[in-house]
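Below is one structure, written out as structure tokens; comments come after it.
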Amino acid sequence: MECAGKGRGTRCLGPPRKRCHRCGAVAYCSASHQILHWSDHKEECKRLAQQMKSVDVLNDFPFTFSQEATLMVHEKKETRCSFLSKRGVHQVGMWLYECCCGSSVTSSDCFRSNDGWHLPRILCPCNEPVAPIPKQLSSWKDYYEWRCIPLHSPVALLLHWPLMIYQAIQVTGLGSLTSEIRDKLCIHYLGPEKELLQLAVFAELHALFPGVHVHIELVGPEIPQHRDGERIDLGNYAHCLETDCICKSASENLSWDVQTGRTSKVTLQLRRGLYHDCYHEIAKDFSPHLVIAPNAGVAAYSSWLPTIELIKETNIPAVFSDYCEEACHLGACCISTLTGHPLTFPTQLNPFRQPMVVEDSALFLPCYSNCFLYGILEVSKVIMKLDQVAKLLKVNGGLHATSLLHEGNNISIGRVTQDTIVSIRRRCTTVTVSGMSW
């Protein structure tokens, strides 16, 4: 952890041992650096103090290794390397990139989509679930019970990538898939880095969305030039260690929907570049139902500005995640400034955040990969059937709108106040108004 006042004219006098007595979230090497930093820190201090009250909630996981992976790593009594070594997965396969020993994305030339779990089958989801997916998974405990995985298994450290996608789809209202989305659910996934070296975990989307073709466009500057445009079909789940397991069978049946009889399909497409530069070319063939940006750092990178403008113009629902609540707050402020109104999907804790704390955080607040979610869910124009609008107006006592424009059998609602319409599902088969669904 660095001194929060580093670079304030004088050299740091030693390690940052002097914590801010108001928030307790930052530390300084000396009183002089704390005084120099106060002009910047005073705005965030009260906010960080409030966030520090949620530390126990952030560290709350159902796993048998939870204390080891949270408090002990945060307090440097344990490391990611030692944690992985105890479980026999240090520096192997997809686990290689979960500690500082692993190669960086830019130095690795091997985007392996066939890496296995390097665990026995009892500890990993290497084949079909034994039971249909529940109506909605709301925690790691729900997921582990459904997949019949014991709570001492470390697979959640990698599965937070596909489970973040699952959670984003639930919070945006796309969870009850329409017939159009059931044919193909298209997601634009922005800024992938480490997950590019763990692609096999995305095969779990077969189980999470049975009978659905999930197509993901992974767009970002970290994708090497020679992999640009490459398509990857994840036809099987990531394999376990055991040679006689069904996951090794080429004829393995993937998840299928009981009602439609369709089997699932997961395809990934790699696209090098910034999203606002690539979007129109990608959207010709793969128009997105949802944009997802994991660990986005919106406030930290100016390259996000034209991307946010694009998302605003195209009215695509977008979900961002980040390592801590403060990063989400700063990102949300940037987005609100660009869009001209507060977010309709405010920051919320992700139940499927990675259950191992980030080492060497800049704050005393514990940080986790995909820890919090926030996003852009408001659509400037809502199209609804006339009978839906009539029912809405009758029951809700009048909808606050500046204009109602007839468009064939539809009504276009011009401007709607935020307190009236809480959330709007894209393609508008459903609208939630003041907690009531129509």
Side-chain angles (χ1 to χ4, degrees), residues 105-106 111 161-162 164-165 167-169 171-172 174 181 184-199 202 205 214-232 266-323 327-328 330-340 343-345 347 350 369-370 372-380 426-427:
V105 174
T106 52
F111 287 14
W161 299 120
M164 186 265 185
I165 292 175
Q167 183 66 10
I169 287 171
V171 298
T172 53
L174 294 173
I181 296 175
K184 178 180 278 190
L185 172 60
C186 186
I187 297 168
H188 288 186
Y189 189 106
L190 312 188
E193 294 183 353
K194 184 167 64 175
E195 60 268 46
L196 290 170
L197 305 167
Q198 301 170 333
L199 293 178
F202 288 94
L205 294 170
V214 180
H215 178 79
I216 302 177
E217 292 279 334
L218 295 117
V219 187
E222 294 292 338
I223 295 172
Q225 186 68 50
H226 69 280
R227 308 301 294 267
D228 184 21
E230 182 174 336
R231 179 187 171 103
I232 300 168
V266 177
T267 55
L268 311 176
Q269 188 98 23
L270 306 180
R271 307 275 189 173
R272 177 179 172 82
L274 298 173
Y275 187 57
H276 51 272
D277 294 330
C278 303
Y279 171 77
H280 293 291
E281 185 64 29
I282 298 171
K284 288 178 183 177
D285 299 315
F286 303 105
S287 180
H289 298 100
L290 178 65
V291 171
I292 292 177
N295 299 324
V298 170
Y301 302 100
S302 60
S303 58
W304 275 111
L305 301 182
T307 292
I308 301 301
E309 290 282 4
L310 173 67
I311 292 171
K312 174 189 173 184
E313 292 170 8
T314 54
N315 284 332
I316 304 167
V319 174
F320 304 85
S321 76
D322 226 313
Y323 290 97
C328 291
L330 297 174
C333 288
C334 290
I335 293 173
S336 295
T337 300
L338 285 171
T339 58
L343 298 187
T344 50
F345 173 31
T347 300
N350 178 15
S369 181
N370 290 326
F372 285 89
L373 306 176
Y374 65 104
I376 305 171
L377 302 185
E378 182 169 329
V379 183
S380 62
R426 189 167 180 259
R427 307 190 197 278

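In this structure, P294 and L190 approach most closely via the heavy-atom pair CD-O, 3.4 Å. Contact record, G297 with D322: N-OD2, 2.9 Å, taken as the closest heavy-atom pair. Minimum heavy-atom separation, W304 to A296: NE1-O, 3.0 Å. For G331 against A299, the heavy-atom pair with the smallest separation is N-CB, 4.0 Å. The two residues V171 and L377 come nearest to each other via the heavy atoms O-CD1, 3.9 Å.
K284 contributes atom NZ, which lies 12.5 Å from atom OH of Y279 (distance to the nearest 0.5 angstrom). A distance of 8.0 Å separates OG1 of T267 from CD of E217, quoted to the nearest 0.5 Å. Atom-to-atom distance recorded for I216:CD1 and C186:SG is 9.0 Å, nearest 0.5 angstrom. Atom CD in E195 sits 7.0 Å away from atom CD in E193 (nearest 0.5 Å). Going from atom CD of Q269 over to atom CG of D228 covers 9.0 Å, rounded to the nearest 0.5 Å. Atoms CG and OG, from L305 and S303 in turn, are 8.0 Å apart once rounded to the nearest 0.5 Å.
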* Could you please spell out the steps behind the side chain to side chain contact (heavy atoms under 4.5 Å, CB included) verdict for V319 and T172? => CA-CA 8 Å; V319 174; T172 53; 3.5 Å; yes

* To do: Show your reasoning for whether side chain to side chain contact (heavy atoms under 4.5 Å, CB included) applies to R272 and R227.
  => CA-CA 8 Å; R272 177 179 172 82; R227 308 301 294 267; over 6 Å; no

* side chain to side chain contact (heavy atoms under 4.5 Å, CB included) assessment of L274 paired with T307 -> CA-CA 8 Å; L274 298 173; T307 292; 5.5 Å; no

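Between Y189 and F202, the ring planes are perpendicular. Angles over 60° get that label, and only those under 30° would be called parallel. The aromatic rings of F320 and Y374 sit parallel to each other, their planes meeting at less than 30°, with 60° as the upper class boundary.
Between W161 and S369 there is a side-chain heavy-atom pair separated by less than 4.5 Å. Within the 4.5 Å cutoff, side-chain heavy atoms of I282 are placed close to those of V219. The closest side-chain heavy-atom distance from F286 to R271 is below 4.5 Å. Between I308 and L310 the shortest side-chain heavy-atom distance does not fall below 4.5 Å. Proximity of L218 to L268: side-chain heavy atoms (C-beta onward) are separated by under 4.5 Å at one or more points. A 4.5 Å side-chain heavy-atom check between M164 and I292 finds at least one atom pair inside the cut-off. Under the 4.5 Å side-chain criterion, counting only non-hydrogen atoms from C-beta, H215 is not in contact with I187.
Looking only at distances, no side-chain donor or acceptor of S287 sits under 3.5 Å from a matching main-chain atom of A283.
For the side chain to side chain contact (heavy atoms under 4.5 Å, CB included) with K312, the lone residue among I376, I335, T339 that qualifies is T339.
Remark: the S321 side chain and the N350 side chain contain no N/O donor-acceptor pair separated by less than 3.5 Å.
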